[in-house]
Every structure is written in structure tokens, then in C-alpha cells.
S.K.: 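Quick one: the structure is below, questions incoming.
Here the structure is a predicted model, which is why all the values come from computation and not from measurement. The basis for the numbers below is simple: all heavy atoms, side chains too, and nothing from hydrogens, waters or symmetry mates. Each chain gets a letter, A, B and so on, in the order the sequences are listed, and its residues count up from 1.
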Amino acid sequence: MATKLKTVELKLPATTDDLRALEIGTVVYLTGRLYTAREGVYKRAVEDGAGMPAANVDLGSANFHCSPAAVINPDGTYKVGAVTATASFRFAKWLDGWFDISGSNIIIGKGGMTSEIYRNVFVPHNAIYLTTVGYGTGALLGRGIRDVPGVYWRDELGLAQAVWVLDVEHFGPFLVESDLAGNSLFERENAKIAPGIDKLYAGTKPATLRRYGETDDKTEEVI
Amino acid sequence: MIPIASLERTAFDLMAKAAIEIPDDYLAGLRRCADTEKGDLSAFVIQAMLENYEAAKEDRRAMCGDTGVPRWYVKFGNEARVEGGPVALERALRSATARATREVPLRPNRVHPLWRTDHDNNVGINAPEIEYAFHPDADWVDLTTVHKGGLFGSDYRMLFPGDGIEGIKRFYLDTLIGFGKRGLACQPAIVGVGLGGSKDTSMTLGKQASCLRVVGSRNPDPKIAALEEELKEIGNSIGMGAMGFMGSSMVVDCHIEVGYCHTGGMPMSVHMFCLSSRRATARVYADGRATFRTDPDWFTDYSRRSTVEWGKPVAEAAE
């Protein structure tokens, strides 16, 4: 699509040199093999110690936080409609172990994680984060899927949590959310918006009844 | 008597339409956002979404891979009779939901909250939700399905009369900023605000305000309509656009619905219907014929009535 943003076509698997060229805010399209994995997979593989569902070379090196709107036909073939990411921050706690066993160097998802996670977990593994766009360019992403070479842990985890291996071509768009130095596009944008927020609240006062979360001291009352 | 087969066939068609076709009112609203958006990243996101809607319609595939948690709103004309009764209708809606999940396909999102059991068909205990309303002097049934994401963009708070309009604006901003960062709410959104009622009614009204009213509609109370306009403007002046990037595209429209509440309180809810604002409605008549539309026409003078008796319009009463 036409945009003034810098746009890169990236082949998978991507080398560290390939990733070094990606700045936050760059538009990326992917060609090659990737796989889906989310909380059910992480818990089973990392926490329960089951390891990877297949050889890493068969899964690919980019982990998409999603599950497709898809169905397994009676003849064993697959019909994939749309694919859209799910919010990634919930999965941060498993990623260190996941990078170790998966060897992946690209995480694709929704909303990114904190730059602290990028610095502590992504950077040591030479990994970056790509965010989906919208969110919900599910139909555009669905168009980029050329083949489904395998689905793993379907019986163990169900269709929505299973590992779907996808061979894709011009699959995107995505935006580079974290680079190899651990910078975050979202945090950069948050910082731009922050200075204007106080004046939005001018003239208002906190609600009469407070809630936990507005104070972390649980010895306090909420009134 | 409305044939049950017509209702089930119509319900299936609605599931596909909702998942694939962005409603015209939302599309027009998003295009207005695109025309005024100055942030280059936010503008890119909106442009990608506009192309995505076209791809979905061309390919007949779901516009978003997270096809939400499909649910139903049923409005019975007072004179409508359904073959097999309401139990048969509920079975038909569940059956259509399951079949559409396989055939569109939709993502089978629904699982047991504790055991994570997955029927792979979006049907389970208390799922899909079916809400009912009624309408006088009519023999049709309106079926509406809404596919709304289920994780972010909604919140509830018990405010009090002393918190006033400023308290409403504050909680509204809290919700938009909190869920707008990183675009968790998948904005620009149709924001629904529920004010009053009991706690659960406040949540229900706010959700219905976001999902069942079209962009551009206004509450019939002129002061509430003015507050809708004001909240829309406030939301778009946060400085935040699509995906939480710097910009102005946060709120495509704001809808407020109210219900009488406890004299001591002012419960409030906020809901955000996302870049894939998926809803589709059909009216099924006694002869089984169905007409499709995207305006659920859920809120009416009758549904918002505040008196004990419902007075028929003068012209009808004279007959």
C-alpha cells in the first residue's frame, strides 16, 4: 500500500544483520515460514517442560501471537480465513525460556511489551518485535498465507491455542515496534502524547469513591 | 407464524455478514477520521484498515482474525409468533453460531473460564449471549448479531451525584487513555457510555450504546446529545490516534444511554466498539422473508419509555 513510511520486504528466516537494518516505525512485509504460539503453547512448552512441538526448522523462526479464524477440513486440509494478533504483554513471563528453546528471533503480536522486557529478554537473544497494524488487518494477512504445512498440539490445546505453521508471502503489513537495541515505538509515541494529558483533566477531581489500583497501599481505605 | 428454518438460515447469513462486511456508518466515520488525521503512523494504520475491509469483502473472509465473542440481540414484535416458540429460536441461534464458526470460518474463541474447554464452535455454557427486547404493534422478529472483541476497552465505575459531569468526563478519559495506549482498544472506536440503572444495567446500556447504535445517531434528549458531541470531541483531543500513535483519531462517535438509578448513585460504564465494529441485523416476517440492514434500531421511543403506560401514537389510537 502507498505510504511515506519506510517499507521493507523481509525474508524468513531473518539473520541478525537483516534485523539490524530495521528501525522502529518501519513497515515490514514477511515472506517465508512462521508459526503461531500463545499462552497455551508457552505454558506447555516452557512451564510444563514439554519442549517444542516440532523441530525448530519445521516451525520457522518467527512466532506470531495469534490464532487464525480457521478450520481443519474432514480430509485433513486447512481453511484459513483471517488472522489477527492477540495482545502480547500477557506472554512476557514465558519469553526468556521460549527464546532459549525455539531459537526464534522475531515476535509478532499486538501492542508490544515494555522496553524493559526488550532490553532484558529480547536484546540478549538478538530478537525484535513486530506489531500488527490496526489492529485487525485480518483479511490482508489471510491473503498472504500460501500454505499450512502443519498444525501441532491441536488435540492437546484446541484449535485456538494450537501451533499453526504458516508459509507466507508478502505477509503484512507490520510495524517494527522494538529494534535490536530494545527501543519501543509505542513508548516513543506515549512520551509524545504525555505532555498534553494534564490539561485534559483540568477542572476535574478524583472520583468520590476510589478503587484499589489508584493506591497500592492496601492498608488505605478507598473512600 | 415465522418458520424456524427461515430464522436459522437468516441467523447464519447474519453471522457471515457481521464478520465480513464493515457497516457503512462506521466506514463513513472512519473515512472522516482519515481525512483529518495528521499523525503519519495513525494515518497509515487507518489506510491499512480501509484496504483490509475491501480485501475481506472481495475474498469473503472475516475482516479480523479475532472474530470476537459472537452474541445475539432479539427483538420480538408483540404479535410475532415463532414456530416452536422461543426455545426453538434459541436452538436455531446456537446452531447458526456453531455452523458459521466452521463455515465462514470464525475463530472458536469461546472456552470454559476455568477448564479452558473448547467446543471449537463458539457455543457453550451461557454462550452465545441472547438478549431480548419487544416492540408494540409488530409481527416480525429482528435478529442482530454483534461480534465484539472481549478483552480491552470496557470499564465500570460507581460514581456519585456529587462527582457530576466532571466526574463522568474524568472516568471517560481514564478509560480511553488507559486502553488507548498501544491501541489495546483497537481505536478509532464507537464509544458507548452507560449511565445509571443498576450496576449490571449500566454495563448493559453502555455496551448496547456502543454496539447497537449507528455512527451519527444522537440520544433524543438534547442535553445528552450535546454531551455525546462533547465527549466525542474530548476523546479526539487527547492527542492519541490509531494504535495509540500520536494523532486525533480516537472516537468515531460517542453514544450515551441512560437508565433510572438509585438516588444515591450514578453508575457509569464505558465500552469501545473497535476498528472491526461488527454488527448485522435482519427482520424476519411472518411469511419467512428476511430483509437485511446494518442499523439494529434497538433503541426506540418504546424501549426508552419512562412512563407506566405506553401511549400509542395518536393516529393509530384513533383507528
S.K.: Would you mind checking which part of A:Val80 comes under 4.5 Å of any heavy atom in chain B, side chain (CB onward), backbone (N, CA, C, O), both or neither?
M.R.: backbone
S.K.: Please determine whether the number of non-hydrogen atoms from other residues, nucleotides or ligands lying under 6.0 Å from atom NE2 of B:His262 exceeds 12.
M.R.: no
S.K.: Which atoms of A:Arg211 come close to chain B, meaning under 4.5 Å heavy atom to heavy atom: side chain ones, backbone ones, both, or neither?
M.R.: both
S.K.: Quick check on the interface: out of B:Ala43, B:Gly183, B:Gly167, who has the most heavy-atom pairs with chain A under 4.5 Å?
M.R.: B:Gly183
S.K.: Would you check if there is a donor-acceptor pair between the side chains of A:Thr208 and B:Asp163 at a distance under 3.5 Å?
M.R.: yes
S.K.: Is atom NZ of B:Lys199 surrounded by more than 12 heavy atoms (other residues, nucleotides or ligands) closer than 6.0 Å?
M.R.: no
S.K.: What part of A:Ile72 is in contact with chain B, defined as an atom under 4.5 angstrom from a non-hydrogen atom: side chain, backbone, both or neither?
M.R.: neither
S.K.: Supply the atom-to-atom distance A:Thr137 OG1 to B:Tyr53 OH, rounded to the nearest 0.5 angstrom.
M.R.: 10.5 Å
S.K.: Roughly how far, to the nearest 0.5 Å, is NZ of A:Lys192 from CE of B:Met240?
M.R.: 13.0 Å
S.K.: Once rounded to the nearest 0.5 Å, what's the spacing between atom OG1 of A:Thr3 and atom CG of B:Asp40?
M.R.: 7.5 Å
S.K.: Taking B:Met63, B:Met158, B:Glu58, B:Arg157 one by one, which has the highest count of heavy-atom pairs under 4.5 Å against chain A?
M.R.: B:Arg157
S.K.: One pair to check against side-chain contact (heavy atoms from CB on, under 4.5 Å): A:Leu175 and B:Phe245. What are the steps and the verdict?
M.R.: CA-CA 12 Å; A:Leu175 286 166; B:Phe245 296 140; 3.6 Å; yes
S.K.: Could you check which of B:Lys181, B:Glu166, B:Arg170 has the highest count of heavy-atom pairs closer than 4.5 Å to chain A?
M.R.: B:Arg170
S.K.: How many angstroms lie between CG in A:Leu5 and CD in B:Gln47, if you round to the nearest 0.5 Å?
M.R.: 11.5 Å
S.K.: Go through the atoms of A:Pro173 and report whether side chain, backbone, both or neither lie under 4.5 Å from a heavy atom of chain B.
M.R.: side chain
S.K.: Quick one: do B:Leu41 and A:Leu185 satisfy side-chain contact (heavy atoms from CB on, under 4.5 Å)? Show the steps, please.
M.R.: CA-CA 10 Å; B:Leu41 285 164; A:Leu185 175 66; 3.9 Å; yes
S.K.: Are more than 12 heavy atoms, taken from residues, nucleotides or ligands other than A:Glu116, located less than 6.0 Å from that residue's CD atom?
M.R.: no
S.K.: Non-hydrogen atoms of chain B under 4.5 Å away: do they reach the side chain of A:Leu159, the backbone, both or neither?
M.R.: both
S.K.: Side chain, backbone, both or neither: which part of A:Glu177 has a non-hydrogen atom closer than 4.5 Å to chain B?
M.R.: side chain
S.K.: Nearest heavy-atom pair of B:Cys64 and A:Gly136: which atoms, and what distance?
M.R.: SG-CA, 3.8 Å
S.K.: Passes salt bridge (charged side-chain N to carboxylate O under 4.0 Å, His left out), B:Asp120 versus A:Arg154? Steps please.
M.R.: CA-CA 11 Å; B:Asp120 283 344; A:Arg154 182 252 175 282; 2.7 Å; yes
S.K.: Taking all heavy atoms of A:Phe186 and all of B:Met243, pick out the closest pair and write down the distance.
M.R.: CE2-O, 3.2 Å
S.K.: Heavy-atom cut-off 4.5 Å, strictly under: side chain, backbone, both or neither for A:Lys110 against chain B?
M.R.: side chain
S.K.: A:Lys205 versus chain B, heavy atoms under 4.5 Å apart: side chain, backbone, both or neither?
M.R.: both
S.K.: Any donor-acceptor pair under 3.5 Å linking the side chain of B:Asn52 with the backbone of A:Ala139?
M.R.: yes
S.K.: Tell me, out of B:Leu106, B:Ile20, B:Asp118, B:Asp66, who's got the most heavy-atom pairs with chain A below 4.5 Å.
M.R.: B:Leu106
S.K.: Hey, is the main chain of B:Glu103 close enough, under 3.5 Å, to the side chain of A:Lys79 for a donor-acceptor pair?
M.R.: yes
S.K.: Highest number of heavy-atom pairs under 4.5 Å with chain A: which of B:Ile238, B:Leu159, B:Thr67?
M.R.: B:Ile238
S.K.: The test is side-chain contact (heavy atoms from CB on, under 4.5 Å); show your working for A:Tyr201 and B:Asp174 and say whether it passes.
M.R.: CA-CA 9 Å; A:Tyr201 282 84; B:Asp174 284 351; 2.6 Å; yes
S.K.: What I'd like to find out is whether the side chain of B:Leu151 reaches to under 4.5 Å of the side chain of A:Arg90, using heavy atoms alone.
M.R.: yes
S.K.: Identify which of A:Leu140, A:Val71, A:Thr131 forms the greatest number of heavy-atom pairs closer than 4.5 Å to chain B.
M.R.: A:Leu140
S.K.: Please state whether the side chain, the backbone, both or neither of B:Ser237 comes within less than 4.5 Å of a heavy atom of chain A.
M.R.: both
S.K.: Answer with side chain, backbone, both or neither: which region of B:Val104 has an atom nearer than 4.5 Å to a non-hydrogen atom of chain A?
M.R.: backbone
S.K.: Looking at B:Ala56, is its backbone amide N or carbonyl O close enough to the side chain of A:Arg143 to form a donor-acceptor pair, meaning the two atoms are under 3.5 Å apart?
M.R.: no
S.K.: Do the side chain of B:Arg107 and the main chain of A:Ser67 share a donor and acceptor less than 3.5 angstrom apart?
M.R.: yes
S.K.: Count the heavy-atom pairs under 4.5 Å between each of B:Ser276, B:Cys274, B:Gly239 and chain A, then report the option with the highest count.
M.R.: B:Gly239
S.K.: Heavy-atom distances under 4.5 Å only: say whether A:Ser88 touches chain B with side chain, backbone, both or neither.
M.R.: neither
S.K.: What part of A:Ala207 gets within 4.5 angstrom of chain B, counting heavy atoms only: side chain, backbone, both, or neither?
M.R.: both
S.K.: Is it the side chain or the backbone of A:Val133 that comes within 4.5 Å of chain B heavy atoms, both, or neither?
M.R.: both
S.K.: Anything under 30° is parallel, anything over 60° is perpendicular, the rest tilted; go ahead and classify B:Phe152 against A:Phe89.
M.R.: tilted
S.K.: Under 4.5 Å heavy-atom distance to chain A, tell me which part of B:Ile177 shows up: side chain, backbone, both or neither.
M.R.: side chain
S.K.: Once rounded to the nearest 0.5 Å, what's the spacing between atom CD1 of A:Ile197 and atom CG of B:Leu173?
M.R.: 9.0 Å
S.K.: If I measure from the heavy atoms of chain B, does A:Leu209 come under 4.5 Å with its side chain, its backbone, both, or neither?
M.R.: both
S.K.: Relative to chain B, which of A:Ala85, A:Gly111, A:Gly158 shows the most heavy atom pairs under 4.5 Å?
M.R.: A:Gly111
S.K.: Please rank A:Pro68, A:Gly142, A:Cys66, A:Ala87 by heavy-atom pairs under 4.5 Å with chain B and give me the top one.
M.R.: A:Gly142
S.K.: Show the numbers, then the answer: is there a salt bridge (charged side-chain N to carboxylate O under 4.0 Å, His left out) between B:Arg182 and A:Glu187?
M.R.: CA-CA 8 Å; B:Arg182 296 174 185 256; A:Glu187 291 186 7; 3.4 Å; yes
